[in-house]
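The basis for the numbers below is simple: all heavy atoms, side chains too, and nothing from hydrogens, waters or symmetry mates.
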Amino acid sequence: HDNAIYTQMWQTILAGNVWQSELVNRRKDGSLYTEEQTITPVMDEPGRISHFIAIKQDVTRRKTMQEAEREQRILAEAMQEAGVALSSTLDLDEVLDILLDQIGRVVPYDTVSLMRVENGRAVIVRARGNPPFPKRFLEPENVVFQIEETPNLLELVQSQQAVIVPDTEKYPGWLKIEVGGHIRSWLGAPIIIEGEIFALFSLDKQEPGFYLPKHARILSAFAVQASLVLHNARLFAEKEENLRREQQINRVVQATNATLDLPHVLKQVVELAAKLVEADGAALALIMTDNQKITYPYLFNMPENFGWRPSPRGQGLAWRIVETRQPIRLASYSTHPDALAEWIDAGVHGFLGVPIVAGEACLGALGLFHFSPERMFSERDQGLAELVGRQTGVAIQNARLFEETKRRARELDLLNRVIAATAVAENETELLQIGCAELARYFAVPQAICAMLDESYEKVYICLLYTSPSPRDRTRSRMPSSA
């Protein structure tokens, strides 16, 4: 810190006022930490300053949590807004423009380009500069890369995962071009459609070592959403005559991006998916938290008297879809060795199941059913259902990210309230009361107990019982210690 902050500190406390601020200090091991300091002047009887009391607290963890919460919030908001913007059009050119307009909100860059992958080449079809780059950047000799001759692109295509080049000067075989002379740190991520790389994002910075694994994770999540929208656009461009189905796809995309209320989204998705492929019924299967069972919380037009019991791992087609991450399409459900007896009894004949995927994770499966043996699902139906499954996976991922952000915010708020309250606590009892009260409120429980070890560290005694205020009982009582 410069001298100005210390000058301001002395001016404040010598004037008889309390000074409070956060300073970055260095530990003995050389690491930096953030310290919250409060310095209070103490007066003698004549009113002169006799000495100062300084309270210092390491708030590095709190600052880290605040920054993490801020990053998660920004990402969740940006992903939602990008999804809404992207769902507003299915024109391929407009989608490409929106992708590059939105990507800067989640990952910083000096230059970003969107490359179309085709016939062993990566062709730049859209680019942005920050500040704007020379027009020659998009001249023909600068926009086409032979993937086999470009090591970073070859690594990305072969792995189908995001790739970071921390320092292009130290990366073996880095392809140098005149307009890319500024690039020192590079990040790329594939946009995968139906198992094939359709396009890729290329971002760069002038600072070596700028891109970190967190940037790769964020860009990969953005690429997943981009893949869904680009797939939508391609399907619409190829099959314009199938207007009804295309409109249903757009409704699915809008439903999964318009809100982070997951139950509402998933209920809509199941219904829209059934209507999209003209299925008689539909069910959404999700893996339970124990990762050993699949449950069916969202149904559409299924028999009312049918009990959809959770399926243990390995039983039923839903588990096969989850474990293989592959769709299953059957003309006769009952003939499959993994068919469940209760589903056969429910009248299921035609079956189409697709995985619900978000990045590398498979979260469950979407099942679509025909109850008439004359009706069958087509390859086209399968492609559309897979699209819905991927979009649903992103919606679940975004909603969970949002819930995690809210949870972190609540924890941070609790921590801040406790810190603020303890700063004014006059004694240990009041300090414990404040802590118990805040914890009871956070966990929404009527009581909180504080237990401590005795001086021998061999016994625990209850030193405080806090009871939440109620119209009939607004007491806080201290319990006597016991063995």
Side-chain angles (χ1 to χ4, degrees), residues 1-14 17-42 51-75 104-110 130 152 155 161-172 174 182-189 203-221 401 404-405 407-423 425 431 435 453 457:
H1 299 280
D2 56 27
N3 292 329
I5 190 169
Y6 296 105
T7 300
Q8 189 267 340
M9 176 192 73
W10 282 110
Q11 289 176 345
T12 300
I13 61 178
L14 290 176
N17 298 317
V18 175
W19 180 84
Q20 186 175 35
S21 185
E22 291 180 355
L23 300 176
V24 177
N25 289 330
R26 190 180 299 276
R27 298 185 178 94
K28 291 182 179 180
D29 62 1
S31 63
L32 299 177
Y33 69 99
T34 303
E35 186 179 69
E36 185 181 76
Q37 295 189 10
T38 301
I39 303 178
T40 304
V42 179
H51 59 283
F52 302 96
I53 296 177
I55 300 175
K56 301 181 179 182
Q57 183 177 18
D58 186 342
V59 294
T60 306
R61 184 171 180 272
R62 186 182 77 191
K63 299 290 288 185
T64 301
M65 289 179 62
Q66 288 175 333
E67 180 61 21
E69 184 274 334
R70 187 187 67 84
E71 289 182 359
Q72 294 287 351
R73 185 179 67 253
I74 291 173
L75 175 59
R105 295 198 58 203
V106 293
V107 183
Y109 64 83
D110 289 331
N130 186 23
N152 56 312
E155 181 181 353
Q161 295 180 354
V163 172
I164 298 175
V165 177
D167 190 345
T168 58
E169 296 292 336
K170 300 177 181 179
Y171 186 79
W174 176 261
H182 67 282
I183 301 174
R184 287 298 302 275
S185 183
W186 182 85
L187 170 62
L203 289 76
D204 60 68
K205 290 288 288 184
Q206 297 182 29
E207 301 92 335
F210 179 86
Y211 289 115
L212 303 172
K214 70 174 184 178
H215 296 118
R217 290 193 296 270
I218 294 172
L219 184 60
S220 295
L401 178 63
E404 175 65 14
T405 300
R407 183 185 66 80
R408 287 177 175 268
R410 290 196 302 268
E411 291 175 350
L412 185 60
D413 180 60
L414 170 64
L415 181 61
N416 287 336
R417 291 201 307 271
V418 171
I419 291 173
T422 54
L431 179 66
L453 288 170
Y457 293 94

- Task: For the pair Tyr109 (side chain) and Trp186 (backbone), establish whether a donor and an acceptor sit closer than 3.5 Å, ignoring hydrogens and angles.
- Result: no

- Query: Mind checking whether Asp58 and Arg27 have side chains closer than 4.5 Å, heavy atoms only?
  - Reply: yes

- Query: Does the side chain of Gln11 pick up a donor-acceptor pair with the side chain of Trp19 at under 3.5 Å?
  - Reply: no

- Query: Do you know which two heavy atoms are closest between Pro208 and Ser185, and how far apart they sit?
  - Reply: CA-CB, 4.3 Å

- Query: Taking it one step at a time, do Leu23 and Ile5 satisfy side-chain contact (heavy atoms from CB on, under 4.5 Å)?
  - Reply: CA-CA 9 Å; Leu23 300 176; Ile5 190 169; 3.3 Å; yes

- Message: Could you measure the distance from the CZ atom of Arg408 to the CG atom of Leu415? Nearest 0.5 Å is fine.
- Response: 13.0 Å

- Just how far is it from atom CE of Met9 to atom CD of Gln37, taken to the nearest 0.5 Å? 7.5 Å

- Note on the structure: Distance col, row Thr12:OG1 vs Ile39:CD1, nearest 0.5 angstrom, shows 9.5 Å

- Message: Over 60° means perpendicular and under 30° means parallel, so tell me whether His215 and Phe210 are parallel, tilted or perpendicular.
- Response: parallel

- Query: Is there side-chain contact between Arg184 and Gln206, with at least one heavy-atom pair below 4.5 Å?
  - Reply: no

- Do any N or O atoms from the side chain of Thr60 and from the backbone of Thr34 form a donor-acceptor pair under 3.5 angstrom? yes

- Message: Distance check, rounded to the nearest 0.5 Å: Glu207 atom CD versus His182 atom NE2?
- Response: 10.5 Å

- Query: Can you tell me if Asn416 uses its side chain to pair, donor with acceptor, with the backbone of Leu412 under 3.5 Å?
  - Reply: yes

- Atom CD1 in Ile419, atom CG in Leu414: separation rounded to 0.5 Å? 9.5 Å

- Query: Taking C-beta and beyond as the side chain, do Leu187 and Lys205 meet within less than 4.5 Å on heavy atoms?
  - Reply: no

- Message: Any heavy-atom pair between the side chains of Ile183 and Trp174 that's under 4.5 Å?
- Response: yes

- Item | Other residues, nucleotides, ligands: >12 heavy atoms within 6.0 Å of Arg407 CZ | yes

- Query: Does the side chain of Ile164 come within less than 4.5 Å of Tyr171's, by heavy atoms?
  - Reply: no

- Query: Nearest heavy-atom pair of Leu219 and Gly188: which atoms, and what distance?
  - Reply: CD2-C, 4.2 Å

- Task: Could you tell me the separation between the CD1 atom of Ile53 and the CD1 atom of Ile13, rounded to the nearest 0.5 Å?
- Result: 12.0 Å

